[in-house]
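Naming: A, B, ... by sequence-line order, numbering from 1 per chain.
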Amino acid sequence: MLSKVYDPKPVETKWADAWQKDRLFIPCPSPKRKPFVVVIPPPNITGALHMGHALTYTLQDVLVRYQRMLGREACWAPGTDHGGIATQNVLEKALKAEGKTRADLGREEFLKRMWAWYKECGATILNQLRKLGCSLDLNPDNVRFTMDSKRAASVYEAFRSLWAKGLIYRGARMINWCSRCGTALSDIEVEHEDEKSKLWHIRYPFQDGSGSVTVATTRPETMLGDTAVAVHPEDARYKGMSGKMLKLPLTHRSIPLVADEGVEKDFGTGAVKVTPAHDPLDFEIGKRHNLEIIRVISFEGHMTKICPSEYAGLSVQAARKRIVEDLNTAGLLVKEEHYKHSVSKCSRCNQHIEPLVSEQWFVKMKSQAAPAIAAAEKEEVKFYPPSWKKPFTDWLNNIQDWCISRQIWWGHRIPAWYCRKCSGPGLKFSDRGGLSRVSFAQGAKPVVSFEKPPACPDCGGTDLLQDPDVLDTWFSSALWPFSIFGWPEKTKDLEYYYPASVLVTGYEIIYLWVARMVMSGIEHMGKPPFSQVYLHGIVRDRHGKKMSKSLGNVIDPLAMIEKYGTDAMRFSLMAQTLGGKDIPFSEETIIGGRNFVNKLYNVARFIQMYLPARPGPLTAERPDELADRWILERYAAALDRSKAAMTEYDLPKAQDALYSFVWDELCDWYLELAKPRLAGPDKEKVMGLLLELFTGSLKALHPFIPFITEELYANLKLYLDKSQATSHRSQVKPDSGEQRRAGYLLEESWPAAAVAASDASALMEELMGVITQIRTARAQFEIPPGKAINALAASNDASALSRLKAGAGYIKLLAKVENFTLGVGLVKPPRSVSAISGPFNIYVPMDGAVDLEKEKGRLAKELERVRAESAQCLVRLNDPSFAARAPAAEVEKIKARSKDSAGRISRLTIILEELSD
RNA sequence: GCGCGGUUAGCUCAGCGGUAGAGCGCCUCUCUUACACAGAGGAUGCCACAGGUUCAAAUCCUGUACCGCGCACCA
């Protein structure tokens, strides 16, 4: 006998290995079948998978397995992402622990270590995906990496093509600089956070001694780089002053007062200091007024040498403190106010971002955004939930050029080369404090080439240097939907599988990734990379807080798998991914999943008890009792509901329909009714139906909980008629010589059941109501479940009574009734408990005396309930406008309910009166 | 500042126009040979607030409050 409790671990390991070994997930293009393609969001190789990965990959696996069972050629190609800054930070952290920096190692050695890390971490991640049950073929020949040679070719081609079209350029612009990561960032990699700070009011005196102008700033240290003070041209307070010179405090420079529309009259003093090198707005003002750009903050986050010597070299924080003190001493600090404002932080390391002017590579986005917006508007790319369409198009409508160069080492190096000779002495690479920057002579033009060009096309010089920067990691991610199929090579896969069916990912990367894929798909492939985008939420802790190490609320999916099994975790994740909302997750929700998996295991155990020793198909003849007809109807309904929910990406609903069918109907009712029949003449027919329904449920549940279903099916399928096992692929995919196990559940068809409507449900529900009433009476008077009782049912409705008579067997069985008497006008026996169900009065005689007060209380409460119901009906029926305006069916329904409750009231009243006598 | 969500049982959430639901937790009874990771039964809700639309509102509309989350160059 098998253990009573299911142990998932050996089972899950066994099947995960078998699926991989038999290479069941390797897609094979076939003109006969429509592909179903899911583009995997490649996990960054930054470490182990977290709960968010578990969610997104489970979701995708459910869709892929489901579509595979519907007969589509499912393609879900695995891969990992090099993850740029995030991954480089992992290694830098490790180096720091060794007391080293990346500069100590040098670029070449550092990259060697990064590749070693990729090998280790990449393998770990793939193994974790296998444990998650993902139906990905993880054989090395099928796994992609954003930095492998094929993807490098894709990246180069995309760069070359954009460059050739003039969509890539290099120039000095205001960018976001993270001095901790040592690199520029794009706008979306910057997060904004409210921070308490101060607003300092500083007086700038006029050079001619005619008073002063007071400016307000949150960043006093940048004043050393001020090259103007700006006011609004129509600000009366500063009328006629524009063009006058001001003395810049703490320096020996003087700067002009300029008038600019960009200044907000009503803010602060109406005068703003202008630091073109360190503020985006100031940069714009500077351009309009041709102001000098003085960079006073270095890439390392220190005050530069241009600053007066007492400040040069100080950190930004130290300089701020010192400057405020000095201004105060000089009597130029007018006031200090408490102030809350939003500051920019690096999304990778949470350090303050320094806006500064720097030469970087950019992609022009406006022209690429336009067709992407159109695709969303026309729903060629459709969002689930649809509410994401607006944020998507809004962002694209306001898109800025994309800064794609990063001053790190890990990534695709920018394929641009510079001729030393042509560029002149201005071309030089510098390496300061671990940062590589390059500066160029005016007009130096790079040559775009994947490999080092043999000679400079202009002067024939052979001393060419490659740009030291690498591309933003999202540059390669943006190409993923087609680079995974080998683009720019025109492969068969690319032709068959592009565009994908659906992209599933978290909403937090809708701009970072989704929008860019849509744009580059249209740009390079001529059409959007997928037609549907399913955006899910973020896994949070049970109270909705983001999981973070510092809060200590992180749940490790691998630990949960270890403890409860993958199926249990998948089940509980899928139960909660509704409507793209964030998912509150806690360990206890997994227990629900585990319990269900255990339930299935025990149903199988039950069935196996009655299975003949020698495997072989059971009879296909169906039993035809009420319960049989009823359960078939319920089964068909559950499959329908589940299927309908799947097409709407409502996975919780799809899963729940099957869950409640199995637990609440198949187990709680049908199985119990089947028990005695399994010892009778109907045995084989009942077993046949039970097996059909249960294996069908396993099939339908397989996408959600692949392991337990595969396991149980493997044991039961030997008893199934061959017509019930229908694989899509066995015939399309001939054995490649190797011995391959056949008959996997995952290759079966998703079940179908067509059942004609009948009265079975209504009849069954009537019986269930009576059974529940008797059970309730038993429970209220604490009759032990094992103890048999007698019961009587009385009614004036003869046809109802005959229905009940037909179902008496079920009542006796499920309510544990020994003698069940029924008839018209039966008299309530002394010392009995009463109940009402539909048209029936039910009496349950007790052994001893009945606690009259308890019984009266119980019935009085029921009476009160029915009276309320009746009153509610009457209110509506007495309202003439209800009859006039409500649909006829509704009026009929209420009339029937009213009549029914009136009858119950009188019957209850009589019973209560008799009790009081 | 603009935008988007949320507010329903102790907790986490479904329901989105016709008698308030699930899971977990709680209480009672049962270890009855599928399952105590179970079975049977039970308690628990002014469905955030205020107006409106409707024969009928948790459900639609309009406001308000509180809580989240995006986007945004007001120094």
>> Are more than 12 heavy atoms, taken from residues, nucleotides or ligands other than K854(A), located less than 6.0 Å from that residue's NZ atom?
In response: yes
>> Measuring only the C1' atom in each nucleotide, how far is rC49(B) from rC11(B)? A whole number of Å is fine.
In response: 24 Å
> What nucleic acid atoms does E869(A) come within less than 4.0 Å of, heavy atoms only: base, sugar-phosphate, or nothing?
Replying inline: base
> Touch check for V215(A), heavy atoms < 4.0 angstrom, all strands: base, sugar-phosphate only, or nothing?
Replying inline: nothing
>> If you only use heavy atoms from C-beta on, which nucleotide in rA75(B), rG41(B), rA34(B) is closest to the side chain of Y610(A)?
In response: rA34(B)
>> So if I take every side-chain heavy atom of K390(A) and compare against rG3(B), rG41(B), rC37(B), which nucleotide ends up nearest?
In response: rG3(B)
> When rounded to the nearest Å, what value does the distance between P atoms of rA9(B) and rC46(B) take?
Replying inline: 8 Å
> Counting only heavy atoms not in D194(A), do more than 12 sit closer than 6.0 Å to its CG atom?
Replying inline: yes
> If you pin I771(A) and K893(A) to their nearest nucleotides in RNA chain B, which one's is more 5'?
Replying inline: K893(A)
>> Using the C1' atom as the point on both nucleotides, what is the distance between rA56(B) and rA65(B), in whole Å?
In response: 28 Å
> Just checking K265(A): base, sugar-phosphate only, or nothing, at a heavy-atom cut-off of under 4.0 Å?
Replying inline: nothing
> Which of the following nucleotides, rC74(B), rA43(B), rG70(B), is nearest to the side chain of Y511(A)?
Replying inline: rG70(B)
> Quick one, which residues of residues 275-287 of chain A touch RNA chain B with a heavy atom under 4.0 Å?
Replying inline: L281(A)
>> Is it true that, when you exclude E864(A) itself, more than 12 heavy atoms of the residues, nucleotides or ligands shown sit nearer than 6.0 Å to its CD?
In response: no
> Expressed as a whole number of Å, how far does the P atom of rC60(B) sit from that of rG6(B)?
Replying inline: 10 Å
>> Once hydrogens and angles are ignored, does a donor-acceptor distance under 3.5 Å link the base of rC37(B) to the side chain of R594(A)?
In response: yes
>> Could you check whether atom CZ of R219(A) has more than 12 heavy atoms from other residues, nucleotides or ligands sitting under 6.0 Å from it?
In response: yes
> Nearest-Å distance, CG (L600(A)) to P (rA38(B))?
Replying inline: 12 Å
> If you check every side-chain atom of H192(A), which of rA72(B), rG41(B), rA34(B) has the closest atom?
Replying inline: rA72(B)
>> Could you work out, with ring pair (Phe, Tyr, Trp, His ring centres under 6.0 Å) as the rule, every residue matching F585(A), not counting sequence neighbours?
In response: none
>> By nearest atom, which of the nucleotides rG23(B), rA72(B), rG18(B) is closest to the R876(A) side chain?
In response: rG18(B)
> Counting side-chain heavy atoms from C-beta on, which of rA75(B), rC37(B), rA34(B) comes nearest to N598(A)?
Replying inline: rC37(B)
> If you look at every strand shown and take non-hydrogen atoms under 4.0 Å, does W663(A) touch a base, only sugar-phosphate, or nothing?
Replying inline: sugar-phosphate
> Just by distance, with hydrogens left out, do Y6(A) and N602(A) show a side-chain donor and acceptor under 3.5 Å apart?
Replying inline: no
> When all nucleic acid strands are considered with a 4.0 Å heavy-atom cut-off, which category describes T772(A): base, sugar-phosphate, or nothing?
Replying inline: sugar-phosphate
> Under the salt bridge (Lys or Arg N to Asp or Glu O under 4.0 Å) criterion, do D279(A) and K273(A) qualify, and how do the steps go?
Replying inline: CA-CA 10 Å; D279(A) 183 276; K273(A) 58 191 274 315; over 6 Å; no
>> Please classify the nucleic acid contact of R219(A) as base, sugar-phosphate, or nothing, using heavy-atom distances under 4.0 Å.
In response: nothing
> Which residues pass the ring pair (Phe, Tyr, Trp, His ring centres under 6.0 Å) test with F781(A), sequence neighbours left out?
Replying inline: none
> If the P atom of rG21(B) is compared with that of rA43(B), how far apart are they to the nearest Å?
Replying inline: 13 Å
Listed pairs, N/O of protein and of nucleotides 11-14 of chain B, under 3.5 Å:
unit_1	atom_1	unit_2	atom_2	d
rC11(B)	O2'	R542(A)	NH2	2.9
rA14(B)	OP1	K581(A)	NZ	2.6

> Expressed as a whole number of Å, how far does the C1' atom of rU8(B) sit from that of rA48(B)?
Replying inline: 10 Å
>> The test is salt bridge (Lys or Arg N to Asp or Glu O under 4.0 Å); show your working for E588(A) and R594(A) and say whether it passes.
In response: CA-CA 10 Å; E588(A) 73 190 34; R594(A) 181 203 57 182; over 6 Å; no
>> Could you check whether S347(A) and E189(A), counting side-chain N and O atoms only, form a donor-acceptor pair closer than 3.5 Å?
In response: no
> So what's the dot-bracket for RNA chain B: Watson-Crick or G-U pairs under 3.5 Å, [ ] if a pair crosses, | if it pairs off-strand?
Replying inline: ((((((((.[[[[.)..(..]]]].(((((.......))))).....[[[[[..)....]]]]])))))))....
> Considering only heavy atoms and no angle criterion, is a donor-acceptor pair shorter than 3.5 Å present between the side chain of K4(A) and the base of rC35(B)?
Replying inline: no
> Which part of the nucleic acid, if any, lies within contact of L671(A), taking any heavy atom under 4.0 Å across all strands shown: a base, the sugar-phosphate backbone alone, or nothing?
Replying inline: base
> If we take the C1' atom in both rG52(B) and rG17(B), what is their distance in whole Å?
Replying inline: 16 Å
>> Using whole Å, what does the distance between atom P of nucleotide rC71(B) and atom CG of D194(A) come to?
In response: 13 Å
> Contact class for Y564(A) vs. all strands (heavy atom < 4.0 Å): base, sugar-phosphate, or nothing?
Replying inline: nothing
>> Side chain of N595(A), heavy atoms from C-beta onward: which of rA34(B), rG18(B), rA38(B) has the nearest atom to it?
In response: rA38(B)
>> So, OP1 or OP2 of rG68(B): does either fall under 4.0 Å of a side-chain N or O from K545(A)?
In response: no
> Counting only non-hydrogen atoms, which of residues 222-230 of chain A are less than 4.0 Å from RNA chain B?
Replying inline: none
> If we ignore angles and hydrogens, is there a donor and acceptor under 3.5 Å between the side chains of Y507(A) and D582(A)?
Replying inline: yes
>> What contact category does S387(A) fall into here, base, sugar-phosphate, or nothing, at under 4.0 angstrom with non-hydrogen atoms?
In response: nothing
>> Rounded to whole Å, how long is the line connecting atom OH of Y659(A) with atom P of rA22(B)?
In response: 11 Å
> Quick one: L291(A) CG to rA75(B) C1', roughly how many Å, whole number?
Replying inline: 15 Å
> Looking at K599(A), does any N or O in its side chain come under 4.0 Å of the phosphate oxygens OP1/OP2 on rG39(B)?
Replying inline: yes
>> Using a heavy-atom cut-off of 4.0 Å across all strands, would you classify C873(A) as base, sugar-phosphate, or nothing?
In response: nothing
>> salt bridge (Lys or Arg N to Asp or Glu O under 4.0 Å) for K9(A) and D7(A)? Distances and angles first, verdict last.
In response: CA-CA 6 Å; K9(A) 220 164 142 189; D7(A) 179 13; over 6 Å; no
> How do P784(A) and Q872(A) order along RNA chain B: which one's closest nucleotide is nearer the 5' end?
Replying inline: Q872(A)
>> Against F571(A), only a single residue in F596(A), Y564(A), F704(A) fulfils ring pair (Phe, Tyr, Trp, His ring centres under 6.0 Å); can you say which?
In response: F596(A)
> Any side-chain N or O of Y339(A) under 4.0 Å from OP1/OP2 of rA75(B)?
Replying inline: yes
>> What's the gap between rC37(B) and rC31(B) when it is taken at their P atoms, as a whole Å value?
In response: 15 Å
> How close or far is atom P of rG42(B) from atom CZ of R778(A), stated in whole angstroms?
Replying inline: 14 Å
>> Among rC69(B), rG23(B), rG18(B), which nucleotide has an atom closest to any side-chain atom of P887(A)?
In response: rG18(B)
> Could you state the CG-C1' distance from L712(A) to rA34(B), rounded to the nearest angstrom?
Replying inline: 12 Å
